[in-house]
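Remarks on the structure that follows.
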Amino acid sequence: MTSSTKHPLFGFMPRRVTAKQVKGVIDGNENPFTRLPHSPQYLKILEARKKLPVFAQMEEFYEMFTKHQIIVLVGETGSGKTTQIPQFVVYSDMPQTKKKLIACTQPRRVAAMSVAKRVADEMDVTLGKQVGYSIRFEDMTEPGTTFLKYMTDGMLLREAMHDPDLERYSTIILDEAHERTLATDILMGLIKSLVKRRKDLKIIVMSATLDALKFQKYFTIDEPAPLFKVPGRTHPVEIFYTQEPEPDYVEAAIRTVLMIHRAEEPGDILLFLTGEEEIEDACRKIKGEADDLLANDPDTVGPLSCIPLYSSLPTQQQQRIFDPAPPPRVSDGPPGRKVIVSTNIAETSLTIDGIVYVVDPGFSKQKLYNPRIRVESLLVTPISKASAQQRAGRAGRTRPGKCFRLYTEKDFMKELEEQTHPEILRSNLANTVLELVKAGVKDLVRFDYVDAPAPETLMRALELLNFLAALDDDGNLTALGSKMSEFPLDPQMSKMLIASPEFSCSQEVLTVVAMLSVPNIWLRPNNQRKEADSAKQLLTVPDGDHLTLLNVFNEYQNNLHERNWAWNNYVSARALAQADNVRAQLLRVMERLEVDVVTKSYPDQTRHYIDIRKALVCGYFMQVAHKEGEKGSYLTVKDNQVVSLHPSCGLDTQPEWVLFNEFVLTTRPYIRTVTEIRPEWLLELSANYYDFNLFTDGETKRALQGVLRKQIKQTSKKRIAASSDMLQPQKKKARTGVS
DNA sequence: GAGCACTGC
């Protein structure tokens, strides 16, 4: 046969294909998408694909897919669903002929990238051509050519804001739906109403077993969505429970790790703990005890290496988890063992082969949102059954394993929740609500959520968006709100950016916002805390932490030629590079929206900083605190929460009025990333919120009323000169060297 | 005088 005769897909009827037809093409000589002969690599991979459980069910899949608009598909790890199902859909949808795409969403960027690469290889095409991926900062697709696109769920949600009918797609596959990310949850809601308008659009919701029924019920059109089941391919894991509850789970975990090391067969250990400090501490203790064992009993106990794993660890150190276990100390001595002590990152995001033992104390840190006081906090919380199951499964990836749960079987059965609460129930939804409104959802409260958030959470979001003037009093999107929704940011920050030209400081506000969008930039190595603190002191701007962030970024930019600048100044080069990237993206959005990107030169830096701080007030006027008494405690405006300045705060005095970026609840309530502001800015720039009629009586209200009275008295004087001179402490003038 | 669980746009 030659490729010039009959097309390999000749006779394929869209959405009527059979497994026999498809298998014929897959086994054929010619690639139907490139019209080239299949490569040797293709044939080699094909052998492996054919062994996947899902491959044997192709016929069954096509029967169900042809008949139904929505399918719920469950498959355990190793079933091959993420790589194979989208390919099956390609042969049925024939997207290459209809100029439509098939999307497969992933909660994480790395997954979208790596699966796309794998599938491109399986289909014998170049990544970025027929098969591509789309993630923030990177679009590896070719319009008109790409027909299978792996993407992050957040990316598809962004597209849905602009095209609520998702016209470009013929089938949408929501993978890892059981993880219930905010974006996947919102997409499910949007898609449920979309399938009524677009009868030609097919949906596959892929998930782990436990949630299937919930999704089937949720996607009931006339009857519940049918379930397609794919068996997994993992090894059995034996579960052990403690007889009694453990009073100290860290201590119990360390003891269990050492017990395994002494008594169990060779094989690596994975221990789950909750955070950086706990992990570093446990590693030190395990290492110490293991060294003692080795010294006392070198004939029966092998060496042990202990490796910490959490997200804020530099990439290079994260790679250590793939190092082999240490060799025996003497040849034919007892073999070495590796123990990885990890946060939840090893539960979903990172898979480590060779783990045979899992130690699960049953806790993780989880985000929680309290709408009453508008605070998101991190709390050590018991995990769910689903999560415990996922953790145990990590022991059975390469061979049969064991999982030691440091709680009783009774507690597992009775106390643990079935599922982790979905993110939508634990988050501040200001951003999400803006996205939904932009996507055309009219009634946020009656929107068909898989799990509906607390009404109070929605009210808080609507209230904020209304005060920011993103929504009018009837809840409709304003022109400003529409612009704000274009930024991948919290609404306060997009508001700041859009307001920044009024104060001639868009360049500066862009930097501040970018710096607020990346993880903590300050490094503080355990053994160099003093050095790190004094390095930070040198970069600090005493007027406020926001200005310090601006200063750090500018210094970083000015010293790009100096290779170790970041390291020498104890700031994270990775975070700064990320901020640079975010800044560039935000700048592109500004230009697209035709928001002026301006800056101006000032004779003196104090004036410059005043303008930037005024722009901050335009976004964050609801996050203001007023000093009460002399003990350094503050009261948040309107909510009247007693808070303190976070110890990381760089202010050199305790100003009467401050604006803060975050309210964090740890050992005490703190406000973090704090900048001094003037009360008259609040009255001038956010009169709606600071309307005395809407203000309950109290210290802060009285203080503001005092400010207003003083202002009225001074109207005859030259306003700007008078107020700025009066309010500038002498020493600041001295420091900037200008006056 | 604390501490960033983890993602994502």
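This one's a predicted model, so the numbers in the text were calculated from it and none came from an experiment. Chain letters run A, B, ... following the sequence lines, proteins first and then strands; every chain starts at 1.
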In whole angstrom, give the distance that lies between atom [atom1] of [X] and atom [atom2] of [N].
{"X": "A:Gln654", "N": "B:dG1", "atom1": "CD", "atom2": "P", "result": "11 Å"}
{"X": "A:Arg583", "N": "B:dC9", "atom1": "CZ", "atom2": "P", "result": "21 Å"}
{"X": "A:His421", "N": "B:dA5", "atom1": "NE2", "atom2": "C1'", "result": "17 Å"}
{"X": "A:Leu523", "N": "B:dA2", "atom1": "CG", "atom2": "P", "result": "21 Å"}
{"X": "A:Leu489", "N": "B:dC9", "atom1": "CG", "atom2": "P", "result": "13 Å"}
{"X": "A:Asn520", "N": "B:dC6", "atom1": "CG", "atom2": "C1'", "result": "16 Å"}
{"X": "A:Leu516", "N": "B:dG8", "atom1": "CG", "atom2": "P", "result": "20 Å"}
{"X": "A:Glu347", "N": "B:dT7", "atom1": "CD", "atom2": "P", "result": "12 Å"}

Across the strands shown, which category fits [X] at heavy-atom distances under 4.0 angstrom: base, sugar-phosphate, nothing?
{"X": "A:Arg136", "result": "base"}
{"X": "A:Tyr310", "result": "sugar-phosphate"}
{"X": "A:Glu276", "result": "sugar-phosphate"}
{"X": "A:Arg529", "result": "base"}
{"X": "A:Ile135", "result": "sugar-phosphate"}
{"X": "A:Thr667", "result": "sugar-phosphate"}
{"X": "A:Pro107", "result": "sugar-phosphate"}

Using 4.0 Å as the upper bound for N to carboxylate O, is an ion pair formed by [Y] and [X]?
{"X": "A:Asp533", "Y": "A:Arg529", "result": "no"}
{"X": "A:Arg158", "Y": "A:Glu435", "result": "yes"}
{"X": "A:Lys367", "Y": "A:Glu423", "result": "yes"}
{"X": "A:Asp545", "Y": "A:Arg672", "result": "no"}
{"X": "A:Lys285", "Y": "A:Glu251", "result": "no"}

Is [X] close enough to [N] that one of its side-chain N or O atoms is under 4.0 Å from OP1 or OP2 there?
{"X": "A:Thr343", "N": "B:dC6", "answer": "yes"}
{"X": "A:Thr152", "N": "B:dT7", "answer": "no"}
{"X": "A:Arg109", "N": "B:dC9", "answer": "yes"}
{"X": "A:Ser648", "N": "B:dA2", "answer": "no"}
{"X": "A:Arg668", "N": "B:dG1", "answer": "no"}

Can you figure out which of [options] approaches the side chain of [X] most closely?
{"X": "A:Leu378", "options": "B:dA5, B:dC6, B:dA2", "value": "B:dA5"}
{"X": "A:Tyr670", "options": "B:dG1, B:dC4, B:dC6", "value": "B:dG1"}
{"X": "A:Arg524", "options": "B:dC9, B:dC6, B:dA2", "value": "B:dA2"}
{"X": "A:Pro647", "options": "B:dC9, B:dT7, B:dA2", "value": "B:dA2"}
{"X": "A:Arg426", "options": "B:dC9, B:dT7, B:dA5", "value": "B:dA5"}
{"X": "A:His646", "options": "B:dC9, B:dC6, B:dA2", "value": "B:dA2"}

query = Taking the six-membered ring of A:Phe272 as reference, does the NZ or CZ atom of A:Arg391 fall below 6.0 Å from its centre and within a 45° cone about the axis?
reply = yes

Close residues, residues 478-486 of chain A, relative to DNA chain B [heavy-atom separation under 4.0 Å] = none

query = Start at the 5' end of DNA chain B and walk down; is the nucleotide closest to A:Glu277 or to A:Ile345 reached first?
reply = A:Glu277

query = Of A:Gln585 and A:Val664, whose nearest nucleotide on DNA chain B comes first from the 5' end?
reply = A:Val664

message = So, using salt bridge (Lys or Arg N to Asp or Glu O under 4.0 Å) as the criterion, who are the partners of A:Lys149 when residues are at least two apart?
response = A:Glu159

request  = Output the distance between atom CD (A:Gln106) and atom CG (A:Asp153), rounded to the nearest 0.5 Å.
outcome  = 8.5 Å

inquiry  = Against A:Arg405, only a single residue in A:Val359, A:Val358, A:Asp360 fulfils side chain to side chain contact (heavy atoms under 4.5 Å, CB included); can you say which?
reply    = A:Asp360

